Amino acid sequence: MRVFGTFEGGPNHGVGDLFMEMETWASLADAKRALRLRAFSGGRVVHDGSRVVDFDERELATIGNENGGVCYPALDPEKCRIVLYGFSGDVKRGFLIASYHPVAVLSVGPRGGIRRQYC
């Protein structure tokens, strides 16, 4: 099941803007893997399989290209998180945000694992 979310990397990175920073992953497991790769990248380039989400003037979202290699310098692993949002729709017609309130938050746990916390 495709998941949508914004990445937040701690005090050196801005809070994820819903329409400017939205990304998507093929599954929840892929989003967790992406968070782990980013949080512990040490400033190296990361290829985590995320895709850009583009919105039109009606707030209809379409899935764009893969983000490719992105560098995430100066991250604080303890403050890294992906905020997940609910969407409805499909790839052909586009997706709509089901709620502007987050559904869940993925974060790095105290021993380096990925936690999922429902909102």
Side-chain angles (χ1 to χ4, degrees):
M1 181 179 112
R2 183 160 291 282
V3 295
F4 294 82
T6 58
F7 173 73
E8 299 173 10
N12 297 322
H13 294 268
V15 175
D17 178 274
L18 203 60
F19 295 102
M20 298 297 294
E21 306 290 331
M22 186 66 67
E23 301 176 69
T24 184
W25 295 268
S27 68
L28 182 59
D30 287 344
K32 288 179 177 181
R33 185 177 71 81
L35 179 58
R36 185 176 292 110
L37 284 171
R38 293 176 186 191
F40 299 107
S41 67
R44 295 183 304 275
V45 173
V46 174
H47 297 274
D48 62 15
S50 67
R51 292 187 166 275
V52 175
V53 175
D54 298 313
F55 290 92
D56 67 12
E57 63 280 351
R58 298 171 293 151
E59 297 182 3
L60 191 65
T62 55
I63 299 171
N65 296 327
E66 188 170 337
N67 277 333
V70 179
C71 182
Y72 297 94
L75 293 179
D76 181 354
E78 294 178 3
K79 293 190 172 46
C80 289
R81 63 191 205 147
I82 294 177
V83 180
L84 300 176
Y85 293 88
F87 273 72
S88 62
D90 60 41
V91 175
K92 290 181 182 174
R93 292 189 309 248
F95 297 91
L96 285 170
I97 299 174
S99 171
Y100 293 99
H101 184 73
V103 174
V105 176
L106 301 177
S107 60
V108 179
R111 295 179 294 196
I114 302 300
R115 294 189 296 196
R116 177 177 51 194
Q117 192 172 23
Y118 293 101
C119 300

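This is a predicted model, so every value here is computed, not measured.
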Next on the checklist: Please report whether the ring centroid of Phe4 lies less than 6.0 Å from that of Tyr85.
Outcome noted: no
Next on the checklist: Could you tell me if Asn67 and Ser50 have a donor-acceptor pair between their side chains, going purely by distance under 3.5 Å?
Outcome noted: yes
Item to check | Thr62 and Val53: CA distance, side-chain angles, deciding distance, side chain to side chain contact (heavy atoms under 4.5 Å, CB included) verdict | outcome: CA-CA 6 Å; Thr62 55; Val53 175; over 6 Å; no
Checklist entry - Minimum heavy-atom separation for Ile114 to Leu106, with atom names? => result CG2-CB, 4.3 Å
Checklist outcome for this item: Closest non-hydrogen contact found for Cys119 with Pro102 is CB-O, 3.3 Å
Checklist entry - Is a side-chain donor or acceptor of Arg44 paired with a backbone partner of Ser41 at a separation under 3.5 angstrom? => result yes
Item to check | Taking every non-hydrogen atom, the tightest pair across Pro110 and Arg115 | outcome: CD-NH1, 4.2 Å
Checklist entry - Can you check side chain to side chain contact (heavy atoms under 4.5 Å, CB included) on Met22 and Phe95, steps first, answer last? => result CA-CA 12 Å; Met22 186 66 67; Phe95 297 91; over 6 Å; no
Item to check | Distance, nearest 0.5 Å, that separates CZ of Arg58 from CG of Leu96 | outcome: 8.5 Å
Checklist entry - Which heavy atom of Val108 sits nearest a heavy atom of Gly112, and at what distance? => result CG1-CA, 4.1 Å
Checklist entry - With hydrophobic residues grouped by side-chain heavy-atom distances under 4.5 Å, do Val103 and Val105 end up in a single group? => result no
Next on the checklist: Using modelled atom types and a 3.5 Å cut-off, is there a donor and acceptor pairing between side-chain atoms of Arg51 and backbone atoms of Ile63?
Outcome noted: no
Item to check | OG-CD distance between Ser107 and Glu78, expressed to the nearest 0.5 angstrom | outcome: 10.5 Å
Next on the checklist: Between Thr24 (side chain only) and Val3 (backbone N and O only), is there a donor and an acceptor less than 3.5 Å apart?
Outcome noted: yes
Checklist entry - Hey, what's the ring geometry for Phe55 with Phe19, parallel, tilted or perpendicular (30° and 60° as the breaks)? => result perpendicular
Item to check | Single-linkage hydrophobic cluster, 4.5 Å side-chain cutoff, Val45 and Leu37 together | outcome: no
Checklist entry - Can Arg38 be said to sit on top of Phe7's aromatic six-ring, NZ or CZ under 6.0 Å from centre and within 45° of the ring axis? => result yes
Checklist entry - Given Cys71 and Val46, is the side chain to side chain contact (heavy atoms under 4.5 Å, CB included) satisfied, shown in steps? => result CA-CA 6 Å; Cys71 182; Val46 174; over 6 Å; no
Checklist entry - Is any side-chain heavy atom of Val52 less than 4.5 Å from a side-chain heavy atom of Glu23? => result no
Next on the checklist: For a quick test of reading the model, state the closest non-hydrogen atom pair linking Leu84 to Leu28 and the distance between them.
Outcome noted: CD1-CD1, 3.7 Å
Checklist entry - Closest heavy-atom contact between Glu8 and Val83? => result OE2-CG2, 3.6 Å
Next on the checklist: Less than 4.5 Å apart, side chain to side chain, heavy atoms only: is that true for Met1 and Trp25?
Outcome noted: no
Next on the checklist: Does atom CG (Asp90) have a neighbourhood of more than 12 heavy atoms from anything else shown, all under 6.0 Å?
Outcome noted: yes
Checklist entry - Any chance CD of Glu66 has more than 12 other-residue heavy atoms, nucleotides or ligands included, within less than 6.0 Å? => result yes
